[in-house]
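Notes follow once the structure below has been shown.
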Amino acid sequence: MTNFNQAAYTANTASGWLLKAGLLVLGVSILAPPESLARVGFAWAQQNPAIAGIILFALVGSAVCLAYLRARTLEVSVSDHIIQFKVGKLVRKSQWIKLADIRNVQLNANLIEQKFRAATLHLETVGTGGVDMTLPQLNAEDAESLRQKLSPRGIESTEQNKAA
């Protein structure tokens with residue numbers, strides 16, 4: 001069982017959601033016609049900054065809480081033949097890959113992950129030409145040991161050890 005860094009996942013996921021929402025609001029504020037509901041809403045927020053601030057605080061708090069709840073559902077299991085990744089309770093995502101099909105394993109860490117000593121593992125398999133599974137915000141030590149275990153050389157050496 002691999003350990004996820006829940007703080008890094010929560011911060012990374014919530015900041016991603018909030019960045020997307022902020023870009024959407026910026027796009028709407030720039031592209032909306034002058035008499036549209038969006039412009040009326042922005043004018044209202046300028047006239048009522050305290051209420052708008054409370055609403056903004058509630059939205060940010062909700063994003064962080066939802067990201068935290070999602071972080072608590074992360075699960076990775078590695079058996080002799082497959083690796084399986086599960087996330088979510090309300091919206092569930094489950095992926096699995098045969099260990100023999102893994103051809104490339106990449107380890108990345110963005111600024112938030114570096115701050116929380118976490119890393120993201122990207123797994124590529126035969127013939128797909130892209131990332132097939134992403135294991136987000138693993139503890140850095142767990143990510144490195146999993147990378148070594150799952151890399152094609154690590155898989156071959158493990159199979160040779162079992163055969164011997």
Side-chain angles (χ1 to χ4, degrees), residues 1-77 82-97 101-144 146-147 150:
M1 188 74 151
T2 303
N3 293 324
F4 286 92
N5 189 319
Q6 290 183 356
Y9 186 85
T10 301
N12 214 28
T13 303
S15 64
W17 290 342
L18 293 170
L19 178 65
K20 290 173 188 171
L23 290 174
L24 178 66
V25 168
L26 180 64
V28 167
S29 68
I30 292 171
L31 300 175
E35 298 83 27
S36 69
L37 185 60
R39 292 284 174 103
V40 171
F42 290 129
W44 177 87
Q46 286 178 340
Q47 293 172 355
N48 303 296
I51 297 172
I54 291 170
I55 292 170
L56 182 62
F57 182 76
L59 290 173
V60 170
S62 298
V64 171
C65 287
L66 289 172
Y68 174 73
L69 291 174
R70 188 169 173 89
R72 292 180 51 111
T73 66
L74 295 168
E75 182 182 323
V76 170
S77 58
I82 65 168
I83 180 170
Q84 186 171 16
F85 171 66
K86 296 178 186 177
V87 65
K89 289 287 184 198
L90 185 61
V91 178
R92 293 184 180 145
K93 177 182 176 183
S94 180
Q95 285 182 284
W96 62 272
I97 294 179
D101 291 344
I102 296 174
R103 292 296 172 245
N104 189 19
V105 181
Q106 296 176 351
L107 187 65
N108 298 329
N110 63 26
L111 289 174
I112 293 173
E113 291 170 336
Q114 290 173 19
K115 175 72 176 161
F116 287 102
R117 294 183 184 96
T120 296
L121 207 59
H122 301 282
L123 307 175
E124 297 178 21
T125 60
V126 177
T128 58
V131 174
D132 293 307
M133 182 183 286
T134 300
L135 305 175
Q137 288 80 42
L138 298 167
N139 287 329
E141 299 82 25
D142 290 343
E144 180 57 33
L146 194 56
R147 184 191 67 78
L150 296 177

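These numbers were taken from a predicted model, which means no experiment stands behind them.
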Would you name the heavy atoms of [X] and [Y] that are closest together and state the gap between them?
| X | Y | answer |
| --- | --- | --- |
| A52 | A45 | CB-CB, 3.9 Å |
| P49 | Q46 | CD-O, 3.7 Å |
| A14 | A67 | N-CB, 3.9 Å |
| K89 | R92 | O-NE, 3.2 Å |
| W44 | I51 | CH2-CG2, 3.4 Å |
| A8 | F116 | CB-CB, 3.6 Å |

Can you measure from [atom1] ([X]) to [atom2] ([Y]) and round to the nearest 0.5 angstrom?
| X | Y | atom1 | atom2 | result |
| --- | --- | --- | --- | --- |
| Q6 | L69 | CD | CG | 10.0 Å |
| L150 | N104 | CG | CG | 11.5 Å |
| L121 | E144 | CG | CD | 9.0 Å |
| N139 | L146 | CG | CG | 11.5 Å |
| W96 | S77 | CH2 | OG | 12.0 Å |
| L135 | E75 | CG | CD | 12.0 Å |

Non-hydrogen side-chain atoms of [X] and [Y] separated by less than 4.5 Å:
| X | Y | answer |
| --- | --- | --- |
| E113 | N110 | yes |
| R39 | P33 | no |
| I112 | K115 | no |
| D132 | D101 | no |

Practice prompt. Mark yes or no for whether Q95, through its side chain, and F85, through its backbone, hold a donor-acceptor pair below 3.5 Å.
Written response: no
Discussion item. Main chain of Q137, side chain of N12: is a donor-acceptor contact present, judged purely on distance under 3.5 Å?
Written reply: no
Discussion item. Is it true that, when you exclude L37 itself, more than 12 heavy atoms of the residues, nucleotides or ligands shown sit nearer than 6.0 Å to its CG?
Written reply: no
Discussion item. Take a 6.0 Å sphere around CG of L90 and say whether it holds more than 12 heavy atoms from other residues, nucleotides or ligands.
Written reply: no
Discussion item. Give me each pair satisfying side chain to side chain donor-acceptor pair (under 3.5 Å) with a member in residues 58-73, each pair once, sequence neighbours excluded.
Written reply: Y9-R70, Y68-R72
Worksheet item: So which of Q106, M133, R103 actually passes side chain to side chain contact (heavy atoms under 4.5 Å, CB included) with L123?
Response: M133
